[in-house]
Amino acid sequence: MQPDLHSRALATHALQQFRTLSPLTHCMTNDVVQSFTANTLLALGASPAMVVEPEEAAQFVGMANALLINVGTLTAGRARSMRQAVERAYSVHTPWTLDPVAVGALDFRRHFCLELLAFQPTAIRGNASEILALAGMSAGGRGVDTTDTVTAALPAAQALARQVGTVVAVTGEVDYVTDGQRTVSIAGGDPLMTRVVGTGCALSAVVAASCAIPGNTLDNVASACSWMKQAGLRATEDSKGPGSFIPAFLDALYNLDREVAA
């Protein structure tokens, strides 16, 4: 069965709700992308926070609208903080999103992410190799880079969604978002988005924030992917390369109302 194309009208409506709620998003993310992730959320209208201290992380989850767990620069200490935060999110029903960065390439983070699945993430966002590895169908990937195609990973994404009871976004040239029963595709973006650090990690933060707004989680996650692709396309048109892409991308996110509605 062919995936449905995501509706631009749904993306527009979700963006309005997103900006009205301005979800407070607790980002336990990797050290490389914290500033870019925060700026991405701010440009879209969310409120980012980066709380990683074990004495504070679980407490802050109770205040936040959403939680992101990104294992890009995982350490044993940070894993303890993340686990406490996830356990708290599970107990107080705060939606949380897992970004299993490089999970197919490294054993420590793979075992950690597999343990976290027991706490039923609201969403999982990863590239094709990461989703295949998390579903137990491959151990590929080249560090944080995928060596598999999004289309090849779609059955794994669907199986993982059914197994965990979550929404899985497998992202690349075309994004697929699935709950295991229904699947939607989101086209757009530009290869230049892969030439700067952090667009995938920032997308995971936006996915996490989108899980806090009312409505269907699959549609909201697909909308988050759509916002990022639309902004990426516009930023590519307005920039000369990676150096000028980031400010153009943040501007495009900030001015997204017109782009999504076009």
Joint hydrophobic cluster, [X] plus [Y], side-chain heavy atoms closer than 4.5 Å:
X: L21; Y: L42; result: no
X: V33; Y: L67; result: no
X: M228; Y: V221; result: yes
X: L117; Y: V86; result: yes
X: L74; Y: L106; result: no

Decide yes or no for [X] and [Y]: does some side-chain heavy atom of the first lie under 4.5 Å from some side-chain heavy atom of the second?
X: N220; Y: C211; value: no
X: R125; Y: L203; value: yes
X: L41; Y: C27; value: yes
X: D175; Y: V170; value: no
X: V150; Y: E173; value: no
X: V164; Y: P121; value: yes
X: L250; Y: T40; value: yes
X: Q230; Y: R8; value: yes

Tell me, with the steps shown, if L114 and L134 meet side-chain contact (heavy atoms from CB on, under 4.5 Å). CA-CA 7 Å; L114 289 172; L134 202 60; 4.1 Å; yes

Taking everything shown except [X] itself, do over 12 heavy atoms lie less than 6.0 Å from its [atom1]?
X: E53; atom1: CD; answer: yes
X: E115; atom1: CD; answer: yes
X: F108; atom1: CZ; answer: yes
X: R195; atom1: CZ; answer: no

Check whether [X] reaches the backbone of [Y] with its side chain - one donor and one acceptor, N or O, closer than 3.5 Å.
X: R162; Y: Q181; answer: no
X: N65; Y: T25; answer: no
X: R78; Y: T29; answer: yes
X: T178; Y: Q158; answer: no
X: S210; Y: A224; answer: no
X: T236; Y: G232; answer: yes
X: T73; Y: D31; answer: yes

[atom1]/[X] to [atom2]/[Y] distance, rounded to the nearest 0.5 angstrom?
X: I213; Y: S223; atom1: CD1; atom2: OG; value: 6.5 Å
X: D99; Y: C201; atom1: CG; atom2: SG; value: 5.5 Å
X: L253; Y: L44; atom1: CG; atom2: CG; value: 4.5 Å
X: D251; Y: I246; atom1: CG; atom2: CD1; value: 12.0 Å
X: I69; Y: I124; atom1: CD1; atom2: CD1; value: 12.5 Å
X: E237; Y: L192; atom1: CD; atom2: CG; value: 11.5 Å

So which atom in [X] and which in [Y] form the shortest heavy-atom distance, rounded to 0.1 Å?
X: N216; Y: L218; value: OD1-N, 3.0 Å
X: T166; Y: L160; value: CG2-O, 4.3 Å
X: K229; Y: A187; value: CD-O, 3.4 Å
X: V61; Y: V92; value: CG1-CG2, 4.5 Å
X: A222; Y: V184; value: CB-CG2, 3.6 Å
X: S239; Y: S244; value: CB-OG, 3.3 Å

Are the ring centres of F119 and W96 closer than 6.0 Å?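 When the ring centroids of F119 and W96 are compared, they turn out to be at least 6.0 Å apart.
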
So, are D219 and R182 salt-bridged, with charged N and O less than 4.0 Å apart? yes

Dump the intermediate steps for side-chain contact (heavy atoms from CB on, under 4.5 Å) on V71 and E130, then the final yes or no. CA-CA 12 Å; V71 299; E130 291 162 350; over 6 Å; no

Could you walk me through whether R88 and T94 satisfy the side chain to side chain donor-acceptor pair (under 3.5 Å) test, starting with their C-alpha distance in whole Å, then the side-chain angles of each, then the deciding distance to 0.1 Å, before giving a yes or no? CA-CA 8 Å; R88 175 70 170 161; T94 298; over 6 Å; no

Apply side-chain contact (heavy atoms from CB on, under 4.5 Å) to residues V103 and F112 and explain how you reach the verdict. CA-CA 9 Å; V103 74; F112 178 65; over 6 Å; no

